Amino acid sequence: MSQDTDPSYDFNRLFGGSIMSPVPPPYEVFARLRAEKPVLRMKGWMENSHLVTRYDDVIAGLKDSATFSARGNARGIGIVIGRTILEMEGAEHLRHRRILTPFFSPGALRGNVAKYVEATSHELIDRFAADGRANLVPQFTFTYPLRVMAWIIGVPISDFEAFHHWALALVSVADDPVKAFAAARSIVDYLRPILEERRAEPREDLLTALLNAEVEGERLSEEEVLSFLRLLLPAGAETTYRLTGNVLFALLTHPEARAEVEANPELLPAFIEETLRWDSAVQLISREVMRDVELHGHRIPKGDLASFAIGSANRDERHYEDPDRFDLHRANKGDHVSFGLGEHFCLGSHLARLEARIAVAAMLERLPELRLDPAEACSIRGFAFRSPDRLPVLFG
Ligand code: HEM
């Protein structure tokens with residue numbers, strides 16, 4: 001039977017048919033695929049995509065940008081956010097990425113950004129600290145990174161709920177394109193007057209930097225600035241809300257590792273790194289295949305997409321010992337691919353780590369005996385993106 005017709009490897013059956021919907025953890029299926037079918041043809045919206053699940057193949061693919069081009073991103077989220085650095089390559093990519101880098105370097109994050117992140121964490125915790133219980137997703141993780149991102153960019157957002165729903169709709173384009181396009185329009189309607197204001201009154205924020213930036217002697221067009229913003233807002237809000245949720249979930253379900261972190265807060269960054277490896281907020285990276293490729297006997301024709309399953313790579317038993325186990329002291333936890341690899345390595349990785357670290361430290365400090373509410377179920381869910389959709393907790 002051919003690799004594409006064998007029903008036991010039918011993508012829809014294996015993963016529930018949707019790349020966004022909450023399916024059972026994909027890790028058992030990933031393990032089976034790594035062993036039996038390390039490259040699997042996907043179906044449905046991702047019809048011409050091939051899922052690559054082994055660590056070494058994911059690393060090699062992401063390093064080989066001549067064969068696996070980031071222009072593949074144009075066929076995913078690029079459809080709704082427009083042309084951004086995500087899909088650019090070579091010199092063009094570098095020139096555009098350079099506009100953003102100064103705002104996200106570890107040095108830039110130290111002073112005011114770290115202070116703002118800390119203040120925001122405490123402000124949100126203040127709202128429920130006296131209640132003895134909370135659902136940390138709607139009450140904390142959902143809007144926390146969006147507040148930070150909006151502050152860095154310099155957009156005054158009053159309705160964080162609406163904005164976050166737009167960000168979610170954008171990244172869910174695979175499942176609901178109509179909603180995604182509507183969200184992209186809403187974001188533009190919201191931002192356009194702010195752009196006008198900032199042109200008239202420049203400030204020291206990212207928005208002013210985008211409006212003043214020159215690439216090859218030319219200012220960015222309004223459409224280019226809007227595309228940057230449509231990338232940054234969901235990139236900073238959607239993903240980091242999931243990362244923070246995953247770190248909290250890991251902390252509340254691994255009492256021994258948590259006790260170590262509480263006894264020695266210096267271990268918190270290591271805890272976050274192992275969470276990134278153990279359950280990554282972002283699970284897939286798409287690339288367009290620039291020539292016919294043959295991998296483990298599976299042919300990927302030129303023009304199709306390779307979908308690198310970073311969550312699977314992070315659990316590859318060929319690379320990590322006992323990969324399903326959360327191990328705070330795992331020596332090689334830092335070589336996960338949760339932030340991608342190569343030219344397109346996540347620009348916000350330092351900020352995302354900073355936000356997760358400050359949020360978790362603030363919660364441990366402010367909410368004594370923080371624990372999951374045993375009366376309410378919760379788990380990390382999803383396929384393309386993963387995080388808990390609720391975190392009901394008790395404390396004090
Ligand atoms: C403050 C938060 C964040 C910001 C501002 C941010 C921003 C970005 C930007 C601008 C890019 C495109 C870089 C390029 O193409 O040159 C990117 C790539 C990426 N980001 Fe983030 N990000 C954030 C958080 C996260 C988190 C929490 C994760 C996952 C745990 C993540 C995973 C990725 C991945 C996997 C890529 C590579 C995509 C590719 O190669 O196609 N990001 N990020």
Side-chain angles (χ1 to χ4, degrees), residues 58-59 61-65 68-78 81 83-90 92-101 103-106 108-109 113-114 116-117 120 141 144-153 167 171 206 210 227-247 272-288 305-311 313-314 336-359 380 382 384-387:
V58 169
I59 297 283
L62 290 176
K63 279 185 178 167
D64 180 1
S65 55
F68 299 99
S69 163
R71 62 198 252 181
N73 281 322
R75 294 203 230 161
I77 192 169
I81 64 171
R83 186 168 162 72
T84 67
I85 53 170
L86 257 190
E87 64 185 78
M88 293 176 190
E89 291 178 300
E92 185 195 21
H93 172 250
L94 249 185
R95 280 196 292 269
H96 284 83
R97 187 171 158 121
R98 252 190 229 132
I99 302 171
L100 299 177
T101 346
F103 289 86
F104 296 102
S105 68
L109 300 177
V113 179
Y116 183 82
V117 173
T120 306
T141 61
Y144 163 68
L146 180 57
R147 285 165 196 267
V148 173
M149 204 59 226
W151 183 79
I152 293 178
I153 296 175
V171 298
L206 179 50
L210 286 174
S227 292
F228 259 122
L229 296 175
R230 277 187 303 240
L231 166 64
L232 282 175
L233 285 161
E238 232 292 307
T239 53
T240 311
Y241 116 78
R242 295 184 187 277
L243 167 64
T244 311
N246 289 349
V247 177
I272 293 170
E273 247 17 65
E274 176 64 351
T275 306
L276 279 158
R277 183 203 68 83
W278 177 69
D279 216 330
S280 178
V282 177
Q283 292 272 319
L284 300 175
I285 295 181
S286 244
R287 293 289 184 259
E288 185 170 324
L305 294 177
S307 211
F308 292 106
I310 50 184
N314 289 342
H336 62 75
V337 264
S338 299
F339 288 125
L341 189 74
E343 291 99 328
H344 291 269
F345 184 81
C346 175
L347 196 88
S349 65
H350 303 296
L351 177 59
R353 287 180 174 116
L354 179 93
E355 288 182 46
R357 181 167 55 72
I358 289 179
I380 296 180
F385 297 94
R386 285 182 58 76
S387 61

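Along the sequence shown, the residues carry numbers beginning at 1. Counting starts at 1 for both ligands and their atoms, following the listed order. Here the structure is a predicted model, which is why all the values come from computation and not from measurement.
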Structural part of [X] in contact with ligand 1, heavy atom criterion under 4.0 angstrom:
X: Arg287; result: side chain
X: Asn73; result: side chain
X: Leu276; result: side chain
X: Arg242; result: neither

Taking the basic N atoms (NZ, or NE/NH1/NH2) and the acidic carboxylate oxygens, is any pair closer than 4.0 Å for Glu89 and Arg71?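 So Glu89 does not pair with Arg71 through a salt bridge.
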Charged N to carboxylate O below 4.0 Å: is that the case for Arg75 and Glu87?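 Looking at Arg75 and Glu87, the cut-off is not met.
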Should the ring pair Phe339 and Phe345 be called parallel, tilted or perpendicular, given that the plane angle runs from 0 to 90° and is split at 30 and 60?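 Rings of Phe339 and Phe345: perpendicular, as their planes differ by over 60°.
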How close do [X] and [Y] get, heavy atom to heavy atom, and via which atoms?
X: Thr244; Y: Ala356; value: OG1-CA, 4.3 Å
X: Thr239; Y: Ala281; value: O-CB, 3.8 Å
X: Arg277; Y: Asn314; value: NH1-O, 2.9 Å
X: Leu100; Y: Phe104; value: O-CD1, 3.4 Å
X: Arg83; Y: Met88; value: NH2-CG, 3.8 Å

For ligand 1 and Ser280, I'd like to know whether there is a polar contact (N/O to N/O, distance under 3.5 Å).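 No.
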Around [atom], find the nearest protein heavy atom and jot down its residue, atom name and distance.
atom: atom 12 (C) of ligand 1; answer: Leu86 CD2, 3.9 Å
atom: atom 1 (C) of ligand 1; answer: Leu351 CD2, 3.4 Å
atom: atom 13 (C) of ligand 1; answer: Arg97 NH1, 3.3 Å

Give the numbers and elements of all ligand 1 atoms closer than 4.0 Å to a heavy atom of His93.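 With His93 as reference, the close atoms of ligand 1 come out as 14 (C), 15 (O), 16 (O).
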Under 4.0 Å from a heavy atom of Ile285: which atoms of ligand 1 are those, numbered in the order shown and with their elements?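 Once the distances to Ile285 are compared, the set is 35 (C), 39 (C), 40 (O), 41 (O).
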So which of [options] gets nearest to [atom], if we judge by its closest heavy atom?
atom: atom 2 (C) of ligand 1; options: Leu109, Asn246, Thr240, Thr244; answer: Thr240
atom: atom 14 (C) of ligand 1; options: Glu343, Glu238, His344; answer: His344
atom: atom 32 (C) of ligand 1; options: Ser338, Ser286, Ala237; answer: Ser338

What protein N/O/S atoms are there under 2.8 Å from atom 21 (Fe) of ligand 1, waters excluded?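 Per the 2.8 Å query on atom 21 (Fe) of ligand 1, atoms found are Cys346 SG.
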Could you tell me if any non-hydrogen atom of Ala70 lies under 4.0 Å from any atom of ligand 1?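 So Ala70 does not count as touching ligand 1.
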Compute the minimum heavy-atom distance from Glu87 to ligand 1 and say whether it is under 4.0 Å.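 Heavy atoms of Glu87 never come under 4.0 Å of ligand 1.
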Apply side-chain hydrogen bond (donor to acceptor under 3.5 Å, both in side chains) to Thr141 and list each qualifying residue two or more places apart in sequence or on a separate chain.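 Thr141: no side-chain hydrogen bond (donor to acceptor under 3.5 Å, both in side chains) contacts found.
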Within-4.5 Å side-chain heavy-atom neighbours: His93 and His344: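 The answer is yes, as the side chains (C-beta and beyond) meet within the 4.5 Å cut-off.
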Given 3.5 Å as the limit, does a donor-acceptor pair link the side chain of Tyr144 with the main chain of Glu355, or not?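 Indeed, once roles are kept as given, a pair shorter than 3.5 Å links the two residues.
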Which value, rounded to the nearest 0.5 Å, describes the distance between Leu229 atom CG and Ile153 atom CD1?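 Leu229 atom CG to Ile153 atom CD1 measures 5.5 Å (nearest 0.5 Å).
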Consider only side-chain N and O atoms of Arg98 and Thr101, and report whether a donor and an acceptor are under 3.5 Å apart.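 Checked: Arg98/Thr101 side chains show no N/O donor-acceptor pair below 3.5 Å.
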